[in-house]
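Shown next, in structure tokens, is the structure this report addresses.
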Amino acid sequence: MNRRDFLKGASTAALGAGLLPFLKVLPAEAAAGGDTLVVVTGTTINSLDLHRTGTNRPSYQVAVNCYDRLLTFGTKTMPDGSLSYDFNTLKGELAERWEVAADGMSVVFHLRDNAKFWDGSPVTAEDVKWSLDRAVSVGGFPTVQMKAGGLEKPDQFEVVGEKAIRVKMARPSKLTLPDLAVPVPFIINSKVAKANATPEDPWAMEYLHRNPAGSGAYKVERWDPGQQLVYVRNDAWTGGPLPSARRVIIREIPSQATRRALIERGDVHLSHDIPAKDARELSANPKVQVTGTPIENCLHVLCPNLTFEPFKDKRVRQAIAYAVPYEEIFRTAAYGRGAPMWGGAGFEPSSVAWPQPFPYATDYEKAKELLAQTPFKDGFEVPLSFDLGTAEWGEPTALLIQEGLARIGIKATIDKIPGANWRTVALVEKKLPLHLENFGGWLNTPDYYFFWAYVKGNLFNSSNYDDAEMMQLVTETLHMPMDDPAYAPKMKRMIAKAFEDVPRIPLWQPSLDVAMAPGMSGYQFWFHRMPDVRALGTKTA
């Protein structure tokens, strides 16, 4: 498919055919405005356990909706009146209260007396310890996420009563308490998990992959991989206001045209993470509510993998950065929504603001000049990969980059990877030579983004960038207070290295756009970019 064919979109006949299988399974109470909500998404849920190796981002919603954490974030109202999480406000979820030691090196959390798991057993400090021990021990993304907040070893978690647990700091850190409010440190019914563990699987990874065991607002009633996830309300939940929807159906609809038609027809209640084009056009439809929130600490990027021979040369990476048709991509793939991240003033940043535009703009002569200085002056071939789950922006972006690279003698072949496989291939195995990626740091500080995306071995460093100075700077700033006099100079140096070494080529900062039926309420933007269905409701629900 060429770019012009792609941009023509789906035909009416194909759209109609695509709707039929979905409409057959919609529950009658959903169409009648009952107590069932239907949410459609274009991405695939591949596990019910966030801690499992290879679990993808769409699956994180299970940790949010089915499990509780010690802490959560507050809520703030955005300028347009929509709701967003508030990174600067922490609230108790399972924790009724907490006390920070005088030396700042430990915190004691006191659990709510009425907190119960789905089987009716009380949530105890033993369950909390087992769950936090699991998060820091299973390896991969969960363990690195915990480490980012200075939570690294099981002996940092100490039971000091049936309903009290002490968390000991590895070091003073601005990130430790916020890190306990992200989806990863969710609290599992350890009695159920242990009963289904084996010597080969002490953390019950296989069991919890398909069988959540939480205390959260919703239980999983049914999971048909690749098709749908059905939540049913936990009527005994005491962690917040009881959800108004008794059941929520998350339907996976790969076709964006079908998802759009469903929300326009009023057949579903919410279409999550809609394409920028649909957001722009649906905003004019009085039968649809559209809300868009800039994703903090987030960038759409092009990643040259430094294990691929040509990309070991910094000049080749810089040539690529000058050969990207940024403005056309922003018009075609982002439809002007979000913030441009090219055309910065220079290679020395004037502030620690993140994200900020990089000092590259489309300049094919400059790109050719840089490439001519390398052993690859005659060009080379490289696959350019993107996640089919994000095809609405990934495909037009890849096609335009393919055209831009061809102008400097680089032949890029488009490689489309199914969404269910993307995380493993791109982020875990890190073997894609050139690919489009998207990462937004959960903890909204610049150093946190750099920890994940510029440190060798960390999940979102899919470029395999490895630099000793960058590693040292990240280590020094990650836990440092942002008002420390040493923070800004070190952060500016990190950004300057990112500009010069360019292992990640920013394209734009995206918005998360959602379309809802009239009368829907309770939607809130979250940094994890997954639907929190606990507060969703309608006037008739």
Side-chain angles (χ1 to χ4, degrees), residues 6-12 15 18-19 22 30 33 37-43 75-85 250-251 253-296 298-300 326-341 389-397 438 440 507-533 535-540:
F6 171 80
L7 294 174
K8 289 179 181 177
S11 68
T12 302
L15 174 60
L19 280 169
F22 180 84
L37 297 180
V38 181
V39 176
V40 291
T41 178
T43 52
T75 300
K76 64 183 178 183
T77 302
M78 301 296 285
D80 65 354
S82 63
L83 299 178
S84 171
Y85 89 106
I250 310 293
R251 284 287 294 175
I253 309 292
S255 166
Q256 69 183 61
T258 302
R259 296 196 303 275
R260 174 167 173 167
L262 288 167
I263 195 70
E264 288 182 305
R265 291 161 57 115
D267 290 321
V268 300
H269 297 93
L270 186 148
S271 182
H272 183 260
D273 198 6
I274 63 174
K277 177 177 183 290
D278 287 352
R280 187 181 68 178
E281 295 174 355
L282 289 174
S283 295
N285 185 339
K287 295 182 180 180
V288 181
Q289 299 181 67
V290 174
T291 184
T293 309
I295 304 173
E296 297 173 334
C298 182
L299 290 169
H300 284 338
Y326 297 100
E327 293 187 14
E328 192 172 0
I329 288 172
F330 195 58
R331 285 196 312 271
T332 303
Y335 287 85
R337 297 179 70 88
M341 283 293 135
T390 59
E392 67 275 358
W393 71 267
E395 188 153 10
T397 299
N438 165 283
L507 304 173
W508 76 94
Q509 179 186 10
S511 293
L512 179 67
D513 295 311
V514 173
M516 295 174 283
M520 282 292 296
S521 63
Y523 169 76
Q524 179 171 313
F525 166 80
W526 282 90
F527 54 89
H528 48 66
R529 291 178 272 168
M530 288 295 105
D532 180 348
V533 302
L536 291 180
T538 68
K539 293 177 181 178
T540 57

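Residues: numbered from 1 along the sequence shown. No hydrogens, no waters, no symmetry mates; every other heavy atom, side chains included, goes into these values.
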Gln256 and Lys277: CA distance, side-chain angles, deciding distance, side-chain contact (heavy atoms from CB on, under 4.5 Å) verdict: CA-CA 11 Å; Gln256 69 183 61; Lys277 177 177 183 290; 5.6 Å; no
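- Going from atom OG1 of Thr291 over to atom CE of Met516 covers 6.0 Å, rounded to the nearest 0.5 Å.
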Check against side-chain contact (heavy atoms from CB on, under 4.5 Å), Val290 and Arg280: CA-CA 9 Å; Val290 174; Arg280 187 181 68 178; over 6 Å; no
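- Counting heavy-atom neighbours within 6.0 Å of Glu327 CD, excluding the residue itself, gives a total of 12 or less.
- In terms of heavy-atom proximity, Ala333 sits nearest to Thr397 at CB-OG1, 3.3 Å.
- Note that CE of Met520 is 4.5 Å distant from CG of Leu536, once rounded to the nearest 0.5 Å.
- Checking side-chain atoms of His269 against main-chain N and O of Ala517 turns up no donor-acceptor pair under 3.5 Å.
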Residue pair Leu83, Thr77: steps toward the side-chain contact (heavy atoms from CB on, under 4.5 Å) verdict: CA-CA 5 Å; Leu83 299 178; Thr77 302; 3.9 Å; yes
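- Ring orientation note: the planes of Tyr85 and Phe525 are tilted relative to one another, at an angle of 30° to 60°.
- Listed by first and then second residue, the salt bridge (charged side-chain N to carboxylate O under 4.0 Å, His left out) pairs that reach into residues 511-528 are Arg337-Asp513, sequence neighbours excluded.
- Contact record, Gly338 with Phe330: O-CZ, 3.7 Å, taken as the closest heavy-atom pair.
- Arg259 contributes a side-chain N or O that, together with a main-chain N or O of Pro254, makes up a donor-acceptor pair within less than 3.5 Å.
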Pair Leu270-Val514, side-chain contact (heavy atoms from CB on, under 4.5 Å): steps then yes or no: CA-CA 7 Å; Leu270 186 148; Val514 173; 3.6 Å; yes
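- The two residues Pro396 and Ala391 make their nearest non-hydrogen contact at CD-O, 3.4 Å.
- Here the OH atom belonging to Tyr326 is positioned 7.0 Å from the CG atom belonging to Leu507, to the nearest 0.5 angstrom.
- The side chain to side chain contact (heavy atoms under 4.5 Å, CB included) with Leu37 is formed by just one residue from the set Val268, Thr538, Ile250; it is Thr538.
- The nearest pair of heavy atoms linking Asp80 to Gly292 is OD2-O, 3.9 Å.
- Considering every non-hydrogen atom in both Ser82 and Thr293, the closest pair reads OG-OG1, 4.3 Å.
- Ser271 OG to Leu282 CG: the interatomic distance, rounded to the nearest 0.5 Å, is 8.5 Å.
- The line from CD1 of Ile274 to CG of Leu512 is 9.0 Å long, rounded to the nearest 0.5 Å.
- Interatomic distance, Thr258 OG1 to Arg260 CZ, rounded to the nearest 0.5 Å: 12.0 Å.
- Side-chain atoms of Gln509 come within 3.5 Å of backbone atoms of Ile295 as a donor-acceptor pair (strictly under, hydrogens ignored).
- Looking at every heavy atom in both residues, Cys298 comes nearest to Asn438 through SG-ND2, 3.6 Å.
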